[in-house]
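A quick note: this is a predicted structure, and the numbers were derived from the prediction, not measured. One-based numbering, in listed order, for ligands and for the atoms of each.
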Amino acid sequence: MRRLFISFEGGEGAGKSTQMQMLYSFLAARGFDVVSVRDPGTTNVSEKIRNILKDKATGDISARVEALLYFAARAQMVDEIVRPALDEGKVVITDRFAHSTYVYQGYAGGMDVGNLAQINDFATKGFLPNLTFYLQISPENGLKRKAAQQDLDRIEAKGLEYHKQISAGYDKIAADDESGRIITIDATLPAEEIHNKIVSHIEKILI
Ligand code: TMP
């Protein structure tokens, strides 16, 4: 079977976690050995970095430093978990990956996306998901969903204008994609319907 590394992307409140769980159960029931990860996070070091990034007590950090922390967390996750799992023939699904950096630190944070892609290449040794599901939601809707679930963390609390830039950034990446690896799905559809769409795309590459 070919290597299968799938990422989920989207703004806050897009429902990535629900879809990750549904896909995990679907693939496991089909007999695949599935590894589920989240970026930033999953390894010991990456979870510590995640805490720094998410904690309101961290205060302001420069966009450059923030980006480097995300890359460091990702590098460790790829080296320690993702690459070995794929080498063993497992399927890996990740909650966020490089596109998040291009959108949050690039389009919304003002950093040059080309530069970010170069550093990402260094951090991951050119490692890319072979399929990305972008769950598309308006920033108003997404933030409303998040705020209803929990207190907003350092990033979620950045305000509507920032989250509008994130939405626009994802839309741009999806529109510019020529690889056919980014699939945009309307995140306001019922969870089951979204899941069925995701599965239909995965089945195409599993054949
Ligand atoms: P989440 O996994 O709960 O969505 O939290 C991760 C947060 O980190 C989310 O607000 C998006 C942000 N993020 C970046 O800003 N850059 C990145 O490269 C990644 C992976 C996440």
Just jot down the ligand 1 atoms closer than 4.0 angstrom to any heavy atom of [X], in number order.
X: Q105; result: 14 (C), 15 (O), 16 (N), 17 (C), 18 (O)
X: K16; result: 4 (O)
X: D39; result: 20 (C)

Next item on the list: Output every pair passing salt bridge (charged side-chain N to carboxylate O under 4.0 Å, His left out) with a member in residues 110-134, not counting sequence neighbours, ordered by first then second residue.
Entry: none
Checklist line | Short side-chain to backbone donor-acceptor contact, S46 and T42, under 3.5 Å | finding: no
Margin query: Tell me whether the NZ or CZ atom of R181 lies within the 45° cone about the ring axis of F5 and under 6.0 Å from its centre.
Written below: no
Check: Does any N/O atom on D95 come nearer than 3.5 Å to any N/O atom on ligand 1?
Finding: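 Between D95 and ligand 1, no N or O pair is found under 3.5 Å apart.
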Item checked: R50 N/O to ligand 1 N/O under 3.5 Å -> yes
Checklist line | Side chain, backbone, both or neither: K54 near ligand 1, heavy atoms under 4.0 Å | finding: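 Under 4.0 Å from ligand 1, K54 contributes side-chain atoms alone.
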Next item on the list: Check whether any side-chain heavy atom of F127 lies under 4.5 Å from a side-chain heavy atom of R74, and answer yes or no.
Entry: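 Answer no - side chains too far apart.
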Item checked: P40 vs L53 side-chain heavy atoms within contact, under 4.5 Å ->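 They are in contact (side-chain heavy atoms under 4.5 Å apart), so the answer is yes.
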Margin query: With a cutoff of 4.0 Å, is R96 in contact with ligand 1, counting heavy atoms of the residue only?
Written below: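 Checking ligand 1 against R96, which is what was asked, there is a heavy-atom contact under 4.0 Å.
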Next item on the list: Compare every heavy atom of T188 with every heavy atom of R145, then report the nearest pair and how far apart it is.
Entry: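 Minimum heavy-atom separation between R145 and T188: NH2-CA, 3.8 Å.
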